[in-house]
Chemist: 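Please read through the structure below; I'll follow up with questions.
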Amino acid sequence: MQDQENELPKAYEPRSVEQKWYEYWMQQGYFTAKIIPDKKPFVIIQPPPNITGDLHLGHALTATIEDIMVRRHRMLGEPTLWLPGEDHAGIAAQVVVERALAKEHLTRQQIGREKFTERMWQWVNGCRANISNQHKRLGVSCDWTRECFTLDPGPSRAVRTFFVKLYEKGLIYRGERIINWCARCSTALSDLEVEHEEVGSCLWYIKYPLEDGDGYIVVATTRPETMLGDSAVAVNPVDERYKSLIGRRIKLPLTERVIHIVGDDSVSTEFGTGAVKVTPAHDPNDFEIGLRHNLAIINILNNDVTINENGGKFAGLERFTAREAVVDELNSYGLLEKTEPHTHAVGHCQRCRTIIEPIASQQWFVKIAPLAEPAIKSVKDGAITILPERFTKVYLNWMENIRDWCISRQLWWGHRIPVWYCDCGQTIVTADEPDSCPQCGSTQLRQDPDVLDTWFSSGLWTHSTLGWPDDTPDLRYFYPTTVMETAYDILFFWVARMIMMGIENTQQPPFRYVYLHGLIRDEKGDKMSKTKGNVVDPLEMMDKYGTDALRFAIINGIAPGNDSKLSATKLEAGRNFANKLWNATRFVLRHDGAIVAISEDLSLRPLEDRWIVSRLGTVTQEVDSLLKKFEFGEALRSIHDFLWGEYCDWYIELCKPRLLDNPAVSPLSVLVGVLETSLRMLHPFMPFVTEELWQHINQAFNIGGGDSIMIAAYPLPVETALDMEAESTIGLLIGIVRAIRNIRAEYEVEPNRLIEAAIYVGGKQAFLLPYINAMEVLAKAKVSVHAEKQAEIPIQALCIALENCEIVIQMSSMFDIRLETERIEKELTAVLAEIRRLELLLADKAFSDKAPVTVVEKQKEKLDALLGKMARLVEHKERIK
RNA sequence: GGGCGGUUAGCUCAGUGGUUAGAGCGCUUGCUUCACACGCAAGAAGUCAGAGGUUCAAAUCCUCUACCGCCCACCA
């Protein structure tokens with residue numbers, strides 16, 4: 001066994017073992033899910049990372065939490081599928097490649113759609129490999145044989161099939177609506193892709209003259225330039241101020257147009273002047289008013305948000321330049337009544353931060369309410385459970401107020417809309433590219449140039465990855481999946497849509513549980529972002545501390561749905577824990593002997609053996625129940641505290657004397673068994689170090705545990721594990737040892753000096769006797785145990801009362817009383833001298849008046865401390881007299 | 001405007017009705033103890049944001065207040 005020890009370095013070196021085991025696991029095919037018809041599978045479809053760059057800590061957290069669940073369920077013997085993939089990430093990825101092009105002073109328009117798409121695919125190939133490799137470094141046990149990409153043929157066909165299906169049901173339509181237009185990306189966006197931000201701006205009050213010259217009506221607006229597209233002024237019909245004006249005509253300033261004043265309920269009488277300019281082409285509210293009053297939709301903007309020909313002389317100006325020009329001109333005509341400061345929310349493009357412009361435009365939409373209804377029901381009924389529970393309300397609130405979803409994007413990267421147009425006017429909507437027009441037979445068909453919102457394909461992910469629309473064995477067996485685990489910030493983008501689409505396509509909710517984790521922030525609590533430069537690279541952390549340390553650091557202390565911060569100290573704690581396990585195992589491996597199961601002959605074993613087995617049982621129970629509740633942070637803490645605070649700090653130490661004495665009942669079986677079981681319990685959290693150590697133990701003690709810890713059994717709670725007698729007695733023992741150590745530290749007893757302690761326990765605890773010897777070394781106390789309390793306690797003794805016993809320590813055993821008395825005298829003299837000096841100093845008026853307050857205070861504090869010290873010394877002197 | 005979360009030891013956070021509120025890091029003191037200094041032992045440190053209420057019992061449940069953060073939202 002000595003050789004074995006030589007093989008193991010003194011400290012754990014992650015790099016040397018991680019790659020080895022990952023390759024071994026892959027080569028053994030442990031990650032590949034197998035269909036076992038009579039068993040219920042555990043299934044997680046991994047949230048596919050965007051192919052926009054490197055993995056960040058959020059991905060690491062997602063991957064780790066999912067790996068914990070997956071490894072546990074696999075160890076529990078369930079057929080387990082964790083399906084990995086990547087998302088083409090439509091606009092986000094296109095922005096990344098456009099930026100790369102910009103560095104070459106190129107735009108996508110310059111190189112054309114075909115060349116641009118080629119560039120995209122080049123990027124994808126590099127990025128996907130990168131993402132997979134980073135995932136592998138994290139130790140993820142996902143089934144790489146089933147890896148998917150959203151643009152793969154299968155998922156792509158699912159997208160087209162779904163589109164056609166919804167179109168045929170009348171749930172996808174094309175129409176002119178107000179959409180969010182990003183001029184930089186040159187595309188429409190869904191409402192979710194717009195991020196609102198409060199900005200300080202102005203409210204401009206503009207006079208609109210009545211056509212007949214009979215005065216004017218004042219409207220308030222935050223976007224004066226849009227007046228160029230006004231087609232009415234609206235007032236509330238109940239508003240006494242304006243009631244009589246309804247139907248009157250206005251000469252719209254800066255244009256030649258004459259518009260009407262209309263009455264509409266939607267106008268607030270409270271805000272602004274109570275009269276609102278109506279621009280149906282550039283405001284969702286106005287668009288609705290326009291529909292009700294049959295108003296013209298006058299689009300005044302080009303796609304690059306310059307003013308178009310409808311803006312008359314302002315044509316060609318950029319929107320904000322136009323705003324200034326319009327205001328100036330109005331002012332010069334005396335039509336600007338006033339300007340007020342005004343704060344309001346302005347929409348920005350989620351991907352490029354450009355200010356969004358609402359524009360009426362022809363786009364494709366999903367009529368969402370019919371899809372939302374069963375999705376709401378599935379959560380209300382409890383078919384899907386959202387954790388933590390508070391997100392249920394957030395989900396329902398959004399779903400119940402959901403609005404139609406704009407799914408067409410004027411991008412080049414993504415799933416092309418499966419719609420073809422023929423010159424004869426025919427529109428063909430089909431999953432497979434048509435050869436000719438069914439109406440006129442023409443082969444000159446034009447496919448719709450737009451692509452679909454990237455979330456349109458992600459929403460199908462739970463079943464498109466398993467083969468849908470085909471009826472495949474995977475789909476039949478693994479669907480519906482078990483848990484959808486992801487960050488709470490994509491609850492609407494992704495989770496809600498998966499539920500709607502999953503139910504629509506399969507009549508079943510796509511998963512049983514939604515578990516939402518929080519975001520990882522930097523040490524200051526800021527969201528990590530590349531522009532802020534506060535991004536922590538998981539790869540760097542793994543290089544520096546090891547993968548298990550990173551996994552420990554991001555799981556330890558987290559609560560479901562709560563954000564967390566990552567810091568170097570957490571990573572160090574993880575590394576230290578791995579190292580602690582490494583060394584505990586090294587200690588165990590130094591010993592040799594035959595091993596039996598820990599449950600065998602347990603009742604014949606000494607109390608400390610029964611104690612640690614009982615504690616293991618309790619921890620197993622805790623971990624089981626915590627993991628069932630998705631409390632990963634608490635479960636990890638529980639295992640950590642047990643291994644470090646009980647197994648290493650107490651059990652190993654309790655065993656040391658026994659291992660030297662070579663007693664009749666060797667602790668080795670329990671020493672090995674508890675460690676081996678704990679490693680299995682910890683494995684899902686820290687897969688590499690546990691595999692490495694478990695392999696050593698498995699071989700050295702010939703346990704026959706199998707080829708890998710990752711397919712060994714996960715420890716489950718056993719009813720009989722608890723041993724109250726052992727727990728209370730060893731608990732008492734620990735209390736005694738701590739008390740003695742405490743006294744030794746307090747009296748500064750030399751480390752090697754043995755002290756004499758007598759322990760008095762009630763008659764029932766007399767069995768403590770045989771185990772006191774084991775603790776003697778630890779406590780450096782020569783201990784005698786008495787069943788009953790002696791009538792007389794020796795005078796020069798220290799008495800410590802614990803819950804069930806009393807400890808009496810002879811003062812003379814802690815130090816030589818004569819020498820100690822001399823030492824105290826000496827110290828007292830010195831302390832008294834210093835006290836006198838300080839008292840004189842403080843009494844000196846010259847000092848207290850002239851010295852800075854802080855200096856005086858400091859001296860006072862010093863005096864207080866010395867007085868306290870003197871009191872303690874006097875008390876100590878009295879006691880040992 | 002609507003909703004949610006947070007406020008616990010110097011720092012980062014667990015704990016959500018039950019004796020004396022925990023951990024990691026930091027701090028103080030002492031240890032080259034034959035697994036580990038990425039360690040061991042001992043210690044100091046908290047009016048659990050504030051106020052009121054329910055209860056035998058509240059950090060935990062209820063109400064209100066304050067501050068911080070987040071999400072949703074078409075009042076121009």
Side-chain angles (χ1 to χ4, degrees), chain A residues 5 8 10-12 178 180 191-192 195-196 203-204 219-224 226 233-234 266-279 283-289 342 344-345 347 358 388 390-391 393-394 397-398 401 403 488-489 491-492 518-519 521 523 525-527 545-546 549 552-553 556-559 561-570 572-591 631 633-634 636-637 640-641 644-645 648-649 652-653 656 660 737-738 740-746 748-752 777-780:
Chain A
E5 193 196 352
L8 295 181
K10 213 169 157 182
Y12 174 53
I178 293 282
N180 308 290
D191 296 336
L192 275 180
E195 291 183 354
H196 294 272
L203 196 55
W204 285 273
V219 297
T221 178
T222 53
R223 292 183 295 154
T226 61
V233 165
S266 70
V267 180
S268 161
T269 54
E270 309 289 320
F271 191 88
T273 60
V276 59
K277 58 190 271 315
V278 182
T279 322
D283 185 279
N285 228 342
D286 295 3
F287 186 82
E288 296 296 321
I289 296 175
H342 181 69
H344 66 141
R390 65 174 185 271
F391 287 106
K393 212 172 141 184
V394 180
N397 183 53
W398 188 74
N401 297 292
R403 292 157 59 203
Y488 64 72
D489 61 348
L491 179 60
F492 306 142
L519 310 177
R521 297 167 183 280
E523 278 171 283
D526 290 337
K527 212 167 172 175
Y545 299 98
F552 180 93
N556 190 33
I558 60 162
N562 283 10
D563 293 352
S564 58
K565 295 175 195 170
L566 186 71
S567 61
T569 59
K570 285 189 184 178
E572 279 163 17
R575 179 201 58 189
N576 295 354
F577 182 45
N579 190 57
K580 186 74 180 175
L581 296 175
W582 179 262
N583 280 293
T585 306
R586 270 201 326 139
F587 173 79
V588 171
L589 289 172
R590 289 164 55 125
H591 303 95
E631 303 264 7
E634 280 295 284
L636 178 57
R637 189 190 53 78
H640 168 272
D641 289 357
W644 197 315
C648 290
D649 286 353
I652 284 184
E653 299 304 325
K656 280 178 179 173
L660 291 175
V737 171
R738 286 216 165 112
I740 292 173
R741 283 174 179 165
N742 183 342
I743 290 301
R744 293 180 60 96
E746 200 177 312
E748 291 174 10
V749 178
E750 292 158 35
N752 290 321
V777 175
L778 282 177
K780 285 265 163 46

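In what follows, every chain begins at residue 1, and chains take the letters A, B, ... in the order their sequences are listed. Keep in mind that what you see is a predicted model, and the values were worked out from it rather than measured.
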Chemist: Mind calculating the distance between CG (A:Leu589) and P (B:A35) to the nearest angstrom?
Modeler: 13 Å
Chemist: Only counting residues at least two apart or in another chain, list the ones meeting side-chain hydrogen bond (donor to acceptor under 3.5 Å, both in side chains) with A:Lys277.
Modeler: A:Thr226, A:Asp230, A:Thr279
Chemist: Output one line per pair: protein atom, nucleotide atom from nucleotides 37-40 of chain B, and distance, for all N/O pairs under 3.5 Å.
Modeler:
{"residue": "B:C38", "atom": "O4'", "partner": "A:Arg575", "partner atom": "NH2", "Å": "3.4"}
{"residue": "B:C38", "atom": "O4'", "partner": "A:Asn576", "partner atom": "OD1", "Å": "2.9"}
{"residue": "B:C38", "atom": "O2'", "partner": "A:Asn579", "partner atom": "ND2", "Å": "2.9"}
{"residue": "B:C38", "atom": "O2", "partner": "A:Arg575", "partner atom": "O", "Å": "3.4"}
{"residue": "B:G39", "atom": "OP1", "partner": "A:Asn576", "partner atom": "ND2", "Å": "3.1"}
{"residue": "B:G39", "atom": "O3'", "partner": "A:Lys580", "partner atom": "NZ", "Å": "3.1"}
{"residue": "B:C40", "atom": "OP1", "partner": "A:Lys580", "partner atom": "NZ", "Å": "2.7"}
{"residue": "B:C40", "atom": "OP1", "partner": "A:Trp644", "partner atom": "NE1", "Å": "2.7"}

Chemist: Once the angle between the rings of A:Tyr488 and A:Phe391 is folded into 0 to 90°, is it parallel (under 30°), tilted (30 to 60°) or perpendicular (over 60°)?
Modeler: parallel
Chemist: Could you give the distance separating B:A76 and B:C13 at their P atoms, to the nearest angstrom?
Modeler: 36 Å
Chemist: Between A:Arg390 and A:Gly561, which heavy-atom pair has the shortest distance, and what is it?
Modeler: NH2-O, 3.1 Å
Chemist: Let's see if you can work this out: which of B:C72, B:A76, B:A35 has an atom nearest to the side-chain heavy atoms of A:Leu192?
Modeler: B:C72
Chemist: Is any side-chain heavy atom of A:His342 less than 4.5 Å from a side-chain heavy atom of A:Thr222?
Modeler: yes
Chemist: Tell me the stems RNA chain B sits in, counting at least three consecutive Watson-Crick or G-U wobble pairs, each under 3.5 Å on both distances.
Modeler: B:1-7 with B:66-72, B:10-13 with B:22-25, B:27-31 with B:39-43, B:49-53 with B:61-65
Chemist: Taking the six-membered ring of A:Phe587, is NZ or CZ of A:Lys656 closer than 6.0 Å to its centre and within 45° of its axis?
Modeler: yes
Chemist: Does any donor-acceptor pair link the side chain of A:Lys656 with the base of B:A35 at a separation under 3.5 Å?
Modeler: yes
Chemist: Restricting to side-chain hydrogen bond (donor to acceptor under 3.5 Å, both in side chains), what partner residues turn up for A:Glu572, sequence neighbours left out?
Modeler: none
Chemist: Classify the ring geometry between A:Phe577 and A:Trp644 as parallel (under 30°), tilted (30 to 60°) or perpendicular (over 60°).
Modeler: parallel
Chemist: Between atom CG in A:Asn401 and atom P in B:C71, what is the gap in whole Å?
Modeler: 18 Å
Chemist: Can you classify the ring geometry of A:Phe492 versus A:Trp398 as parallel (below 30°), tilted (30 to 60°) or perpendicular (above 60°)?
Modeler: parallel
Chemist: Among B:A41, B:G24, B:C13, which is the nearest nucleotide to the side chain of A:Arg741?
Modeler: B:A41
Chemist: Going 5' to 3' along nucleotides 58-63 of chain B, which nucleotides have protein heavy atoms under 4.0 Å from the base (write B), which only from the sugar-phosphate (write S), and which from neither (write -)?
Modeler: ------
Chemist: From the options B:G24, B:A76, B:G43, select the nucleotide whose nearest atom is closest to the side chain of A:Val276.
Modeler: B:A76
Chemist: Report, one pair per line, the protein and nucleotides 2-8 of chain B atoms (nitrogen or oxygen only) whose separation is under 3.5 Å.
Modeler:
{"residue": "B:G3", "atom": "O3'", "partner": "A:Lys393", "partner atom": "NZ", "Å": "3.3"}
{"residue": "B:C4", "atom": "OP1", "partner": "A:Lys393", "partner atom": "NZ", "Å": "2.7"}

Chemist: Examine the base of B:A35 for any acceptor or donor lying under 3.5 Å from a partner atom in the side chain of A:Glu653, and report the outcome as yes or no.
Modeler: yes
